[in-house]
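Every heavy atom of this structure was used, including side-chain atoms; hydrogens, water molecules and symmetry mates were not.
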2 protein chains.
Amino acid sequence: MADDGDEAAKRPVTIYDVARAAGVAPSTVSRAFARPGRVNADTAARIRQVAAELGYRANPMAQALSTSRTKMIALMISDVTNPFYSELIRGAQLAASEAEYTVLLADARESDVVERLSLERVLPAVEGIVIGSSRMSDSSLRVIAKQKPTIVLNRDVAGLPSVVTDNPRGVRRAVEHLGELGHQQITYVAGPEASWADGARWRALREAGHELELHTRRVGPVPPTVVGGRGVVEKLLDNLPTAVLAYNDLVAIGLMRGLAAAGIDVPRDVSVIGFDNIMAAELVTPGLTTVAAPLRTMGVTAVKNLQAIINGALHRSEAAFVLPTRLVQRESTARARR
Amino acid sequence: MADDGDEAAKRPVTIYDVARAAGVAPSTVSRAFARPGRVNADTAARIRQVAAELGYRANPMAQALSTSRTKMIALMISDVTNPFYSELIRGAQLAASEAEYTVLLADARESDVVERLSLERVLPAVEGIVIGSSRMSDSSLRVIAKQKPTIVLNRDVAGLPSVVTDNPRGVRRAVEHLGELGHQQITYVAGPEASWADGARWRALREAGHELELHTRRVGPVPPTVVGGRGVVEKLLDNLPTAVLAYNDLVAIGLMRGLAAAGIDVPRDVSVIGFDNIMAAELVTPGLTTVAAPLRTMGVTAVKNLQAIINGALHRSEAAFVLPTRLVQRESTARARR
DNA sequence: TTGAAAGCGCTAACAA
DNA sequence: TTGTTAGCGCTTTCAA
């Protein structure tokens with residue numbers, strides 16, 4: 001029951017303690033840290049010294065309350081479990097910590113309801129938000145964006161700043177690649193309907209197919225997972241295409257497994273291309289040809305732009321930032337045999 | 001220049017606004033939300049009503065300042081890019097949001113320096129910390145734990161509560177499996193020296209090997225990545241083992257690829273077992289046999305225990321929580337041919 | 001059951 | 001350059 005001395009009630013050291021110990025006013029201590037220029041060099045040094053000795057750490061909540069700058073941003077992700085986000089999170093973290101910001105991670109678990117709820121929860125605590133592959137409607141997004149600086153990733157919402165990959169170009173390269181290999185028709189395995197990228201990719205495929213005179217077809221939608229990709233195989237079986245473009249790498253991988261299970265060889269019987277270039281794309285056999293997205297850069301760019309908006313340097317309705325994609329050729333694509 | 005009406009200066013709605021509109025004192029509004037029992041039911045209803053109409057949202061910073069409960073916990077991870085953490089983060093998120101807590105994600109990028117720095121940064125903002133696979137020394141961890149409730153994952157630090165997997169049992173099962181397949185000796189490919197799990201696994205392997213009369217040997221350490229695993233292959237070549245246990249799945253996968261590149265067939269020529277059962281373990285060919293960790297459960301358990309400590313329900317120095325592992329047999333292990 | 005008033009730790013005018 | 005004085009928005013005694 002006794003208050004053990006070791007863990008003595010540790011009231012945190014405040015600015016007042018430092019002020020007293022250094023023989024100055026609290027405001028001077030505050031200045032010494034926030035605006036070193038506005039205080040006598042010697043005094044500042046002494047204050048820092050004393051503060052260090054006492055182990056003073058500014059209380060971020062008090063700072064936030066007084067300045068209304070929380071030094072935190074939220075990173076809302078549709079599914080933390082999706083490897084697509086790993087590098088992206090890393091990038092966001094990097095950019096944020098460089099600016100001395102902390103990242104609040106929120107996970108939507110592929111649900112627009114969960115997404116809205118978590119957003120509401122974190123909103124008051126952050127200065128801005130990066131929303132990755134949102135499953136919410138454009139109007140819901142606008143409602144959020146009206147409250148705090150917001151950047152959407154992988155999505156194009158009129159009036160909101162965004163960071164997206166160059167889907168048209170990526171698809172185009174994929175289609176050209178397939179065309180060169182002699183494929184005559186391409187099947188697209190669609191992802192979630194609420195996904196902007198899905199629409200963008202299918203649209204780009206239709207256009208590229210049209211221009212290059214290849215037939216295109218669409219099956220799905222399927223969940224953006226390995227299971228989703230695997231599940232679509234039987235729909236493909238009636239009318240087996242020689243080439244398929246999958247919504248993302250996970251779907252592509254599931255598809256390849258399903259195909260293999262059905263005794264269909266990739267790439268001999270059918271060529272498969274994915275999107276994103278997640279780590280697993282390189283690990284599977286055959287290696288997956290994919291339209292690579294600059295994952296980490298996306299995270300960095302989103303956060304930097306967000307910061308620019310927060311600091312008022314960038315106007316909110318700036319146009320979309322389009323990041324380049326590139327086709328990574330591996331072993332899942334080959335010359336058409338049929 | 002004109003203040004466009006649409007984005008009118010939106011001073012957030014405070015408790016005072018609600019109080020005025022509802023014709024009560026601010027403290028009553030506060031009570032109505034925090035301690036509904038202590039306020040007249042009708043009054044409370046009216047307040048909630050008014051608050052909703054006005055779009056009142058409590059300012060978490062003000063709440064935190066006044067109660068010194070920030071409703072945030074930090075999740076420190078050695079490498080966000082490592083798929084090992086995906087499910088774990090999901091679990092932590094789940095448990096946290098259930099308790100209405102928010103997760104602050106920190107990424108150590110496999111560096112003890114970065115780890116300490118980020119920890120220092122987030123420390124004052126959170127009520128507690130979950131540290132995943134720390135690369136810091138035990139004493140540094142204790143220093144942190146002295147300041148805020150802390151739970152370490154995948155590590156056993158005397159005096160600190162922790163959540164770990166049952167490495168001895170897992171290794172034991174792996175060794176038995178290999179033994180049954182007729183292997184006589186097992187090589188362990190070691191991970192980072194600062195990793196507690198690495199030590200635990202190697203130690204367990206020695207013991208199990210001793211009991212089951214199998215020879216054991218150790219190579220490495222290597223970085224806990226695919227590249228790390230791949231790089232160790234040439235060291236293995238001089239004296240090719242028939243069975244290897246790798247520090248984790250990533251290393252195991254890298255190893256398999258390296259072996260394949262050297263013309264060595266897995267599992268015919270050598271059997272490989274990993275640890276963790278990350279998603280990729282199932283996706284590679286051959287599928288990786290591995291000692292599975294209950295990833296999501298680890299995250300959930302860690303956060304729940306942390307919460308218990310925060311609420312004073314659990315004593316800080318509670319013993320380690322040991323979570324069960326199980327051997328997932330896939331195609332990377334087979335009968336010894338040599 | 002409600003109101004008044006003080007205070008959480010820090011910053012930001014305004015004076016000196 | 002420094003000190004004084006109000007708050008930031010909320011919770012929490014203490015009275016009424």
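- Residue A:Val163 forms a side-chain contact (heavy atoms from CB on, under 4.5 Å) with just one option from A:Val130, A:Asn154, A:Thr301, and that option is A:Thr301.
- Note that the OG1 atom of B:Thr297 and the NZ atom of B:Lys304 stand 10.0 Å from one another [nearest 0.5 Å].
- Recorded end-axis angle for the helix from C:dT1-D:dA16 to C:dA16-D:dT1 stands at 30°, based on five pairs per end and rounded to 10 degrees.
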Show, in sequence, the C-alpha distance, side-chain angles and deciding distance for B:Ser133 and B:Arg155, and conclude whether the side chain to side chain donor-acceptor pair (under 3.5 Å) test is met.
CA-CA 7 Å; B:Ser133 315; B:Arg155 175 130 169 189; over 6 Å; no
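- Atom CG of A:Asp112 sits about 7.5 Å away from atom OG of A:Ser140, to the nearest 0.5 Å.
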Using atom types as modelled, flag every donor-acceptor pair under 3.5 Å from a side chain in residues 36-45 of chain A to any protein atom, sequence neighbours excluded.
unit_1, atom_1, unit_2, atom_2, d
A:Asn40, OD1, A:Asp42, N, 2.6
A:Asn40, OD1, A:Thr43, N, 3.3

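- Backbone-only contact: B:Thr43 has heavy atoms under 4.0 Å from sugar-phosphate atoms and none from a base.
- Mapping heavy-atom proximity under 4.0 Å, the span of DNA chain C touched by chain B runs 5' to 3' from C:dT1 to C:dG9.
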Protein within reach of the bases, or only the backbone? For nucleotides 5-11 of chain D, mark each nucleotide 5' to 3' as B, S or -, using heavy atoms under 4.0 Å.
--BBBBB
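- In this structure, A:Thr67 contributes its side chain and A:Arg69 its backbone to a donor-acceptor pair below 3.5 Å.
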Dump the intermediate steps for ring pair (Phe, Tyr, Trp, His ring centres under 6.0 Å) on B:Tyr56 and B:Tyr16, then the final yes or no.
CA-CA 10 Å; B:Tyr56 167 72; B:Tyr16 297 106; over 10 Å; no
Side chains of residues 76-83 of chain B: which donor-acceptor partners sit under 3.5 Å, not counting sequence neighbours?
unit_1, atom_1, unit_2, atom_2, d
B:Ser78, OG, B:Tyr85, OH, 2.8
B:Asp79, OD1, A:Arg90, NH2, 2.6
B:Asp79, OD1, B:Thr81, N, 2.9
B:Thr81, OG1, A:Glu87, OE2, 3.2
B:Asn82, OD1, B:Phe84, N, 2.9

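- One distance of note links CD1 of B:Ile15 with CD of B:Gln63; it measures 8.0 Å at 0.5 Å rounding.
- Under a 4.0 Å N-O distance rule, the pair A:Glu115/A:Arg109 does not qualify as a salt bridge.
- Here B:Lys71 does not pair with B:Glu127 in a salt bridge; the nearest charged N to carboxylate O distance is not below 4.0 Å.
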Decide yes or no on side chain to side chain donor-acceptor pair (under 3.5 Å) for A:Ser30 and A:Ser27, but give the supporting numbers first.
CA-CA 5 Å; A:Ser30 173; A:Ser27 60; over 6 Å; no
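- Remark: nothing in residues 120-127 of chain A comes within less than 4.0 Å of DNA chain D through any heavy atom.
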